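Please read all numbers here as calculations on a predicted model, not as lab measurements.
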Amino acid sequence: QVQLVESGGGLVQVGGSLRLSCAASGLTVRSYAMGWFRQAPGKEREFVAAVSWNGDNTYYSDSVEGRFTISRDNAKDTIYLQMSSLKPEDTAVYYCNGDVRTVLGDYVGMDIWGQGTQVTVSS
């Protein structure tokens, strides 16, 4: 029932910036915390950032804090990820998700995922 559509990925140089968007529909997603995850080749999907239901609180992985900013527009059922000072290790497919929360110390979301958007950072 839930549909998540990520967009905004692309190829950027080291130190560059990129803004990702995620449009959600199918459920009352605006009632929940939302977040971003990413998966690099050969690696497990990992948590990147989360934002509380009203946008008042944000959370980031240590690897992106200070460089990435997550935000949301509940009127549009959309969340964003502004990425700056990009590094080659940021290269991955980025996915958004809803109902983001911690379970046994790890960030998790819903059981379904969108198609993701590819971010490639090159020197």
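Within the 4.5 Å cutoff, the side chain of W36 has heavy atoms near those of the E6 side chain. Residues S25 and D77 form no side-chain contact, since every pair of their non-hydrogen atoms from C-beta on lies 4.5 Å or further apart. Counting heavy atoms from C-beta on, the side chains of F68 and L18 never come closer than 4.5 Å. Residues V108 and F47 fail the side-chain proximity criterion, which asks for heavy atoms closer than 4.5 Å. Contact of the T91 side chain with the Q118 side chain is registered, since non-hydrogen atoms from C-beta on lie closer than 4.5 Å.
Between T117 and S7 the shortest heavy-atom distance is OG1-C, 4.0 Å. Shown here for Q82 and S17, the closest heavy-atom pair between the two residues is NE2-CB, 4.1 Å. Closest heavy-atom contact between G9 and L20: N-CD2, 3.6 Å. In plain terms, the two heavy atoms of R67 and S85 that are nearest each other are NH1-O, 3.0 Å. Here the closest non-hydrogen pair linking G98 and M34 is CA-SD, 3.4 Å.
M83 and L11 are assigned to two separate hydrophobic clusters, defined by single-linkage of ILVMFWY side chains at heavy-atom distances under 4.5 Å. When the side chains of ILVMFWY residues are joined at heavy-atom separations under 4.5 Å, either directly or via intervening members, I79 and V100 end up in two distinct hydrophobic clusters. Residues V48 and V12 fall within the same hydrophobic cluster, defined by Ile, Leu, Val, Met, Phe, Trp and Tyr side chains chained together at heavy-atom separations under 4.5 Å. Cluster annotation: Y60 is connected to V119 through the hydrophobic network of ILVMFWY side chains, with a link wherever side-chain heavy atoms come within less than 4.5 Å. Transitive grouping of hydrophobic side chains (ILVMFWY, heavy atoms separated by less than 4.5 Å) keeps V5 and I112 in distinct clusters.
Within a 6.0 Å radius of CD in E89, more than 12 heavy atoms belonging to other residues, nucleotides or ligands are found.
One N or O on the side chain of N74 and one on the backbone of W53 form a donor-acceptor pair closer than 3.5 Å. A donor-acceptor pair is defined here as one N or O able to donate and one able to accept, closer than 3.5 Å; such a pair exists between the side chain of N97 and the backbone of M110. Between the side chain of T58 and the backbone N or O of V51 there is no donor-acceptor pair closer than 3.5 Å. Here the side chain of R72 pairs a donor or acceptor atom with the backbone of S52 at under 3.5 angstrom.
A side-chain hydrogen bond (donor to acceptor under 3.5 Å, both in side chains) check over residues 102-116, counting only residues at least two apart or in different chains, returns nothing. Among residue pairs with one or both ends in residues 57-103, those qualifying as disulfide (SG to SG under 2.5 Å) are C22-C96; sequence neighbours excluded.
The distance from the CD atom of Q13 to the OG atom of S123 is 8.5 Å, given to the nearest 0.5 Å. D73 contributes atom CG, which lies 5.0 Å from atom OH of Y80 (distance to the nearest 0.5 angstrom).
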(Q) Is there a side chain to side chain contact (heavy atoms under 4.5 Å, CB included) between R38 and D90? Walk through the geometry before answering. (A) CA-CA 9 Å; R38 67 186 182 187; D90 294 319; 3.0 Å; yes
